[in-house]
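Notes follow once the structure below has been shown.
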Amino acid sequence: MMRQYELVERVQRYKPDVNEALLNRAYVYAMQKHGHQKRASGDPYFSHPLEVAAILTDMHMDESTIAVALLHDTIEDTTATRAEIDELFGPDMGKLVEGLTKLKKLDLVSKKAEQAENLRKLLLAISEDVRVLLVKLADRLHNMRTLDHVPEAKRLRIAEETMEIYAPLAGRMGMQGMREELEELAFRQINPEAYRTVTERLAGIFEKNRGVVVEIETSLSALFDKYGIVAEVKSRQKKPWSVFRKMEAKALSFEQLSDIFGFRAVVDTVEDCYRALGAIHTTWSMVPGRFKDYISTPKQNDYRSIHTTIVGPSRQRIELQIRTRDMNNVAEYGVAVHALYKDTGGKVNGSTPAISKETNAYAWLRRTIEQLAEGDNPEDFLENTRLELFQDQVFCFTPKGMLIALPRGAIPIDFAYAVHTDVGDTCVGAKVNGRIMPLMTELKNGDEVEIIRSKAQVPPAAWESMVVTGKARAAIRRATKNAIRKQFSGLGLRILERAFERAGKSFSKEALKPVLHRLARKDIEDVLSSVGRGELASADVLTAVFPDYKDERVTQPAPKQREEGWFNLRNAAGMLFQLPGRAARKGKAEPGLREGAVPIRGVRGDLPVRFAEEGAVPGDRIVGIVQPGSGITIYPIQSPSLQAFDDQPERWIDVRWDIDEHNKERFPARISVTAINAPGSLAEITQVIAVNDANIHMLSMIRTAPDFTEMLIDLEVWDLKHLSRLLTQLKENSSVSDARRVNG
Ligand code: MN
């Protein structure tokens, strides 16, 4: 295992002013945390982060990246915490290590081929910092190098994932060396037979052509010498995986592959590249259509080089790349080069700071994310706008590892509906990353979401305005409609039962069947909900079922007509009540207005305080809205009226109740009661209210139909408990079909 000083020395070789203390601290901390943990191979666990760090020193990464590599498994696998790392290494390092912890969780997720592209995007979206991604790739590379100790089934899964996700990612980040090694290691696991065959044949060909290869190298070097160009010439052999893929893709046999060998000339300057090219093209003939100048037109991932194919000294085709040393570094290490070298043409910057948004590497990462929105063809990307789509997305997981892509701003309800409409309809709660969270929580990339369900649930209509996905919205609307229909048919059933009873007839749903056509309704449910909605009178149903029945009752005058004056109501015991109608209320003090001693804390000075129309009672969470020139209005926090002030935060003030148990004051609340029209039902309602010690301040009929009436009642009650008890009792009353707080 590499010693502490050896690691420091490695970094010093390319970065003389390395922060040794940081490396030493990270080394000791990670070693202590991993303690006696072992890897599958039996090696001490700490050897793994150490090797990952070593891979990154090969890529000449700065000490912060190396330190993150040493720490990368501590939060996930040891007693280390983010807080502890923040304290010891600073929050920037803590953030990077946590980023890796999040990525590690993705390893547990089942990765189907069709999810690979999304997963690559997710990796990038989570990474944010290019160093996280580099450590992740180095981590994967070391795990692939030591894969033989892992059980076979797991081995295959890791290899496939490497082939589908990590190797292409390394490639798109311009790290060709990393890409090739990952592909080779994965190929060996996924298709051992093919791997062995291709490797053996390649070795055979190389053996056979050794002389030719040396000959070409020598002639190229001699040519460059002649022209006074300093160049390093190297031969290059195709890798087994790329040979195999080419054979498969083009259905070629091994013998048909022409470009097993390639040569590369690395020169000092850009001018040298073109001089070298001139020397070659004037000496040997070039193969038409194979010339590419990526120096004047670099690839999207910053790759620059000249490619050409010539007919060489022994009449064989030779693939040749010409590039500078800097270009070669970019080709080998891609984004990693930018992570250390700043925009200075490749010179090492002694005091390379942490990657900021201004550095090339950050720009690189952004660009890579953009490219990932596309397939392998960078040209296509330019004409495509899918990038925007991707930036607007978050990727979350089900507990079973299914990846769900959602628009940004999505909440667990959207997630539930994205999984399945049934899941959405029965959703009552959610765990995000194992913790119960409000259903309105905005989801983040990589969140694991578990939906808590209940069969009894009906999606509340209010959800419709909370969700962001069309699917969820449509499903909620549908479910709400169904629920309302059910409610109305329940109400209709009760209305009909009562109407029949009053007429001395017995009611059964079956009796409706033969008269459906006469009522112009398609089924029994339809009859019930029509009656419930007030579209069909119970008397009409009664006469349809019993054509001989004569309704002798005098039609009850609609209470609405009395609204202008005072209501005279009698309760069941015959007591007379008088209630003011709308007209009578005019000119009186506004019911909610209270000047002076209002038992609310948080209100400044002597501002007059009033309650919003719908009232507010102790127990409600409340908020005050400043009304310029007229004081403060108190709203229950759930009041939809508050939306009007959303964009005026300066008008909101925090207030709370200041009440003790000796409170002798009452507070306003507005309720809505739907009553079945029957003699005495209104009296029954006022009776319930009176018995419950609540004052009626105002009562108005807002909707009347032959069979039921909906009324608004402004009450004065002691507190929320009092109000809830009253509502419960109202609902239990047989004359009442619904009673609820308005905006409650
Ligand atoms: Mn690891």
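Just follow the structure's listing: the first ligand is 1, and inside any ligand the first atom is 1. Not measured: the values here are computed from a predicted model.
For the Mn ion (ligand 1), the nearest N, O or S atom contributed by His72 is named NE2. The atom of Asp73 that is an N, O or S and sits closest to the Mn ion (ligand 1) is OD2. Restricting Asp139 to its N, O or S atoms, the one at the least distance from the Mn ion (ligand 1) is OD1.
Within 6.0 Å of CD in Glu87 there are 12 or fewer heavy atoms belonging to other residues, nucleotides or ligands. Summarising the local packing, NZ of Lys38 is surrounded by more than 12 heavy atoms from other residues, nucleotides or ligands at distances under 6.0 Å. The number of heavy-atom neighbours closer than 6.0 Å to NZ of Lys292, taken from other residues, nucleotides and ligands shown, is 12 or below.
Taking 2.8 Å as the criterion, His142 does not count as a coordinating residue of the Mn ion (ligand 1), since none of its N, O or S atoms falls below it.
Aromatic ring pairs are classed by plane angle as parallel below 30°, tilted from 30° to 60° and perpendicular above 60°; the pair His60 and Tyr14 is parallel.
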